[in-house]
2 protein chains.
Amino acid sequence: MKQKITIKTIAKELGVSTSTVSKALKDSHEISIETKKKIQAYANLYNYKPNHLALQLRNQKTKVIGVILPKIVHHFFSTVIMGIEEGANKKGYNIMVCFSNESYKKEVETLKVLSNGSVDGIIMSVASETLKNKDFNHFKELVSEEIPFVLFDRVVDEILCDKVVVDDVGAGFKATKHLLENGRKKIALITTPNHVNVGALRRQGYEKALIEEYIKTDKSLIVEIDETKDIKKQIEKVFEQDIDAVFAVNEIYAANSMRIAKEKGLSIPNDISIIGFTDGLISEYSSPSITTIAQHGFTMGQQAIEVLIERIEKESEVYKPKKIVISSDLKLRESTKPSS
Amino acid sequence: MKQKITIKTIAKELGVSTSTVSKALKDSHEISIETKKKIQAYANLYNYKPNHLALQLRNQKTKVIGVILPKIVHHFFSTVIMGIEEGANKKGYNIMVCFSNESYKKEVETLKVLSNGSVDGIIMSVASETLKNKDFNHFKELVSEEIPFVLFDRVVDEILCDKVVVDDVGAGFKATKHLLENGRKKIALITTPNHVNVGALRRQGYEKALIEEYIKTDKSLIVEIDETKDIKKQIEKVFEQDIDAVFAVNEIYAANSMRIAKEKGLSIPNDISIIGFTDGLISEYSSPSITTIAQHGFTMGQQAIEVLIERIEKESEVYKPKKIVISSDLKLRESTKPSS
DNA sequence: TAAATTCACGAAAACGGTTTCGTGTTAACA
DNA sequence: TGTTAACACGAAACCGTTTTCGTGAATTTA
């Protein structure tokens, strides 16, 4: 890289001190107009840009927010990023995005890198492996260092920090209720293993809705997908039973379910109804289009960055962690019949 | 944030100089074993972490790569990010991701922020508005400052920097050829406005394939989508003509085309064949699934970060910009008949 | 025993800025 | 004419770290 022009260069070249240059560039009243003009002209000519690193070191802040996501090729998470980025930019922050790839080890490493002063605060969603291990020491350490820190979507309750989540229980309830109102009785649930808490919560909502209708949960209707194996095959099993609806906790499971239903010659939504989660492109563009729970990722991102920046900029106050719950909506499409 | 422990604190507390502490922590032979033990124990106890900002300032490098994308809620771009991130991490770099949101102004601003020393190099894909304006001064400036810089996918030829692109002409040719081999004659092309160069190149491939079969390009079969308006409506127009195939330059256009075809009662791939671009989830999960050109975003990301880091780390060499062309594959699925 | 080495550590500069606190010169005032 | 205030600028400290170059004491060598 080309040698950058610094305040020192300007000072030497113009025969003044660095303080004078610094003040002149800030248009300080301490400096005479001629000197300012001369310095500013020179700076402009050589395209002087203040070195951010030096400023960061002096100000003890970076104006950068670290974001750690389990994955990115994923509609929900990329929407959240958008929300975070928009909010961050508005307040003059940039974001540094990293991925854990659902791995505990990578999550720990990434967190270590980010927490050494590279960022002013961190927003993250927990890797599934971490949720499974239940090893949260890296989070505890972060909290004890008092680094501003917010968790979203996949959060861990025992960590005292700000959190932004969707009302997963409510969403699961809404989805199931809608199917019941369609007259469905044998509703399959395609979900994640129970350690992924959002999956567990959506399941609670599912069960709650069934109980309200005096239907006993039938464990054989519940499939916990192991993502390391063939997803479609796992879902196919539940189709061997006599089911009339599917509630899938994400788009991929919903899309797979629909494909299986079609292959079995079932008509959607006449013979079987399908509801997904995450209002992504698959749900929108498949045919029939899929009724889903819209998670409002963008809003989540916005909320997360908002509380984080507040935490960063008003670090005086007593620390009382906030939990923000974003409500989710049922987005009706063609894969379910409208409730009667 | 809690007051961080620094080398100075340790030095003062232990009654030695900062140089001694620094050396002790690096296990230098200059320091006696007892002193080293004492210092290391203390550092460990108080969980000392070297301040990255100070290191960056001293070393004049950040080990951070800036990435600017036009958008993120997009299968191709998020795949590229994955590739970049993986490659960067391997070499000890982190990535700072920003978005231009297809806006010229935001692109310029973001570039300015990143080029003040916050990053060691930049990878980006150009915003569509910039391509339309044809105002590339911000890139020229970057190049003149000799900041390592690579463009991918949406590149601009006149800028002298490393580039990673897919063989768009070849891809367009392949797709069209495949349709022709299926016996299709009236192939609609759903593309972007011509200023988006990837669109223009794919169109060249399309035209080339037609010429080889002595078919004259029929302008009425080509739709240049204006994304600020309703996409579906624009595509519907071309369906008023008697067409037997659609080549869409991205997933969304392909999905929309399929939906329209279905609504018109056309059977896919019997009455009409459809080919998309970008091998994303929509193509995979729609039914029928969509034959597409796979762009290998992950590979592109890997290649981009590889040449960038090479540029950063061997800045001695003479600057001879590289252009890496990634070949793309036709991924056959249900929306076209296999070639006979 | 004098000279040369080795050892263990510290002082200071450097990275690129900002900011506080002088200070010498000139102009205004009494 | 002496005092004061305003003006325009510079010296130096600071942010946290690394690294070069000393340096005094202890040890080895001649």
Under 3.5 Å between N/O atoms: give me all the protein pairs with nucleotides 16-23 of chain C, atom names plus distance.
from, atom 1, to, atom 2, distance (Å)
C/dG16, OP1, B/Gln60, NE2, 2.8
C/dG16, N2, A/Ala54, O, 3.4
C/dG17, OP1, A/Tyr48, OH, 3.4
C/dG17, OP1, A/Asn51, N, 3.4
C/dG17, OP2, A/Ile7, N, 2.8
C/dG17, O5', A/Tyr48, OH, 2.8
C/dG17, N2, A/Arg58, NE, 2.7
C/dT18, OP1, A/Lys26, NZ, 2.8
C/dT18, OP2, A/Ser22, OG, 2.7
C/dT18, O2, A/Arg58, NH2, 3.2
C/dT20, O4, A/Lys23, NZ, 3.4

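- Remark: C1' of D/dG10 and CG of A/Leu14 are 15 Å apart, rounded to the nearest angstrom.
- A/Lys91 NZ: 12 or fewer foreign heavy atoms inside a 6.0 Å radius.
- Look at A/Glu145 and B/Lys49 and you find a salt bridge, because one of the NZ, NE, NH1 or NH2 atoms lies within 4.0 Å of a carboxylate O, short of that distance.
- B/Ser22 and B/Ser19 are not linked by any side-chain donor-acceptor pair at a separation below 3.5 angstrom, with hydrogens and angles left out of the test.
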Under a 3.5 Å cutoff on both atom distances, Watson-Crick or G-U, what's the dot-bracket for DNA chain D ([ ] crossing, | other strand)?
||||||||||||||||||||||||||||||

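- Ion pairing between a basic and an acidic side chain is recognised when a charged N comes within 4.0 Å of a carboxylate O; A/Arg154 and A/Glu102 show such pairing.
- Within the 4.0 Å cut-off from OP1 or OP2 of C/dC9, at least one side-chain nitrogen or oxygen of B/Ser32 is found.
- Residues from residues 141-149 of chain B that place a heavy atom under 4.0 Å from any atom of DNA chain D: there are none.
- Taking the salt bridge (charged side-chain N to carboxylate O under 4.0 Å, His left out) definition, one finds that B/Glu158 meets it with B/Lys140, sequence neighbours left out.
- By the 4.0 Å N-to-carboxylate-O rule, A/Glu86 lies close enough to A/Lys90 to be salt-bridged with it.
- Here the straight-line distance linking atom CG of A/Asn133 with atom CZ of A/Phe136 works out to 8.5 Å at 0.5 Å rounding.
- Straight-line distance from the CG atom of B/Leu25 to the P atom of C/dC9: 14 Å, rounded to whole Å.
- Looking at A/Tyr48 and A/Ile39, their side chains never come closer than 4.5 Å, going by heavy atoms from C-beta outward.
- Considering only residues two or more places apart in sequence or on other chains, A/His296 meets the side chain to side chain contact (heavy atoms under 4.5 Å, CB included) condition with A/Ala294, A/Thr299, A/Ile326, A/Asp329.
- One interatomic measurement links the two molecules: CD of B/Gln56 to C1' of C/dA14, which rounds to 17 Å at whole-angstrom precision.
- Using a 4.0 Å cut-off, no side-chain N or O of B/Thr35 falls inside it from OP1 or OP2 of C/dA8.
- Applying the ring-ring contact (aromatic ring centres under 6.0 Å, His included) criterion to A/His52, with sequence neighbours excluded, gives no partner residue.
- Rounded to whole angstrom, the span from the CD atom of A/Glu34 across to the C1' atom of D/dC7 amounts to 12 Å.
- Taking each heavy atom of B/Ile309 and B/Ala88 in turn, the nearest pair found is CD1-CA, 4.4 Å.
- Rounding to whole angstrom units, NZ of residue B/Lys38 and P of C/dA8 are separated by 14 Å.
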